[in-house]
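Structure first, commentary second.
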2 protein chains.
Amino acid sequence: MNTDSEAKISRETKQRKIIMEELAKVSSHPTADELYKIVRKRLPSISLGTVYRNLELLTKLGEIQKLDICGAKKRFDGKSLRHYHMRCKKCLKVYDLPMQPFSALEKTLKNIDGYLITNYRLEFSGLCPNCNKSR
Amino acid sequence: MNTDSEAKISRETKQRKIIMEELAKVSSHPTADELYKIVRKRLPSISLGTVYRNLELLTKLGEIQKLDICGAKKRFDGKSLRHYHMRCKKCLKVYDLPMQPFSALEKTLKNIDGYLITNYRLEFSGLCPNCNKSR
DNA sequence: GTCTCTGCAAAGCATTTGCAACTGC
DNA sequence: GCAGTTGCAAATGCTTTGCAGAGAC
């Protein structure tokens, strides 16, 4: 799992260091913009573009997580019944997976430590049969 | 599960009918823009805005699925270890869930009918303890 | 000194919205 | 006839990118 990282060598800059420190400090899962506001308290001259660039780079390096597997564009599915999707990392298409929903998952989730779970989404990524074959 | 729908009365228009028909026909999980191109073959005068509005409405009615639980903004997490998130439907914050990763899930996924699964994301929605209390 | 990184601003792109005209019911 | 819908175009908002200068090594 988590085999998506393509490491790229990078320099340690003041900006990157502070971005990582502040992101590690908060538990609020900030957006790029929110983190920008936080970081600016320590480094008022930093630009939003730098925050975006670093978050992207750090995600690729596996240092942080981007809470997002949807691409930029939203996709729609005519079926409303529960089923799972996978996004092929190569051809970028989204497929319905030929598997049964995990009923165990649905049953055990109702109440966890005060959280009321009413819905979930389970999405996979990897290679579709076509791209897997032609590797 | 799937308790998110807030039904709203709606008229049956030519546009909505064709959008639903075409979306049901394809298995490609089209984006709004892709569906727009498909629908335009039957209804050349339809506008992209109408497609967006109908997809949004149909999603709320539970007729179709939007493959997206991330909000418009991407969010970042300083931790890189596997853990699960939940989005509170009321306060819209994202929380780390106090639960162990499903190891069973990770083990059984490697290969499903030719698909090579290398990663997955499991995300929940519902009410956080705070919003749950103050209901 | 070199090559990466940054700040700034403009561009890009998907999506949303205002508005007047249109159309189910 | 009225309220929901549409087409059009402009606006919005997040994110990315080009570029020249700054900084890490």
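Numbered from 1 within each chain, the chains take letters A, B, ... in sequence-line order. No hydrogens, no waters, no symmetry mates; every other heavy atom, side chains included, goes into these values.
Phosphate proximity of D/dG7 to B/Gln15: present, with a side-chain N or O under 4.0 Å from OP1 or OP2. Contact annotation: B/Thr13 does not reach the phosphate of C/dT23 (side-chain N/O to OP1 or OP2, under 4.0 Å). One finds no side-chain N or O of A/Ser47 lying less than 4.0 angstrom from the OP1 or OP2 phosphate oxygen of C/dC8. Side-chain N/O atoms of B/Tyr52 include one lying less than 4.0 angstrom from OP1 or OP2 on C/dT15.
Place A/Arg53 and A/Leu48 on DNA chain D by their nearest nucleotides, and A/Leu48 ends up nearer the 5' end. Toward the 5' end of DNA chain C, the nearer of the two residues A/Gly49 and A/Asn54, judged by each one's closest nucleotide, is A/Asn54.
Between the side chain of B/Arg16 and the backbone N or O of B/Asn54, no donor-acceptor pair lies under 3.5 Å. The main-chain N or O of A/Thr31 is found under 3.5 Å from a side-chain atom of A/Glu34 such that the two form a donor-acceptor pair.
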Exercise for review: Give the C-alpha distance, both sets of side-chain angles, the deciding distance and a yes or no for salt bridge (charged side-chain N to carboxylate O under 4.0 Å, His left out) between A/Glu21 and A/Arg42.
Suggested key: CA-CA 11 Å; A/Glu21 283 174 5; A/Arg42 289 179 58 188; 2.9 Å; yes

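Residues B/Leu23 and B/Leu55 meet the side-chain proximity criterion, which asks for heavy atoms closer than 4.5 Å.
Rounded to a whole Å, the OH atom of B/Tyr36 is 14 Å from the P atom of C/dT15. When the C1' atom of C/dC5 is taken as reference, atom CG of A/Leu58 falls 13 Å away, rounded to whole Å. B/Leu43 has its CG atom 7 Å from the P atom of D/dG7, to the nearest Å. Taking atom CD1 of B/Ile46 as the reference point, atom C1' of D/dA9 lies 17 Å away to the nearest angstrom. Distance, A/Glu56 CD to D/dT16 P: 5 Å, rounded to whole Å. Here D/dT15 presents its P atom at 10 Å from CD of A/Glu34, a figure rounded to the nearest Å. Atoms CG (A/Leu57) and P (D/dT17) sit 14 Å apart, rounded to a whole Å. Between the CG atom of B/Leu55 and the C1' atom of D/dT6 there is a distance of 15 Å, rounded to whole Å.
Comparing C/dG24, D/dC8, C/dG7 against the side chain of B/Arg11 picks out C/dG24 as the nearest. With D/dG7, C/dG7, C/dT6 as the choices, the nucleotide that has an atom nearest any side-chain atom of A/Arg16 turns out to be C/dT6.
Tested against A/Leu43, the residues A/Glu22, A/Lys17, A/Lys14 include a single side chain to side chain contact (heavy atoms under 4.5 Å, CB included) partner, A/Lys14.
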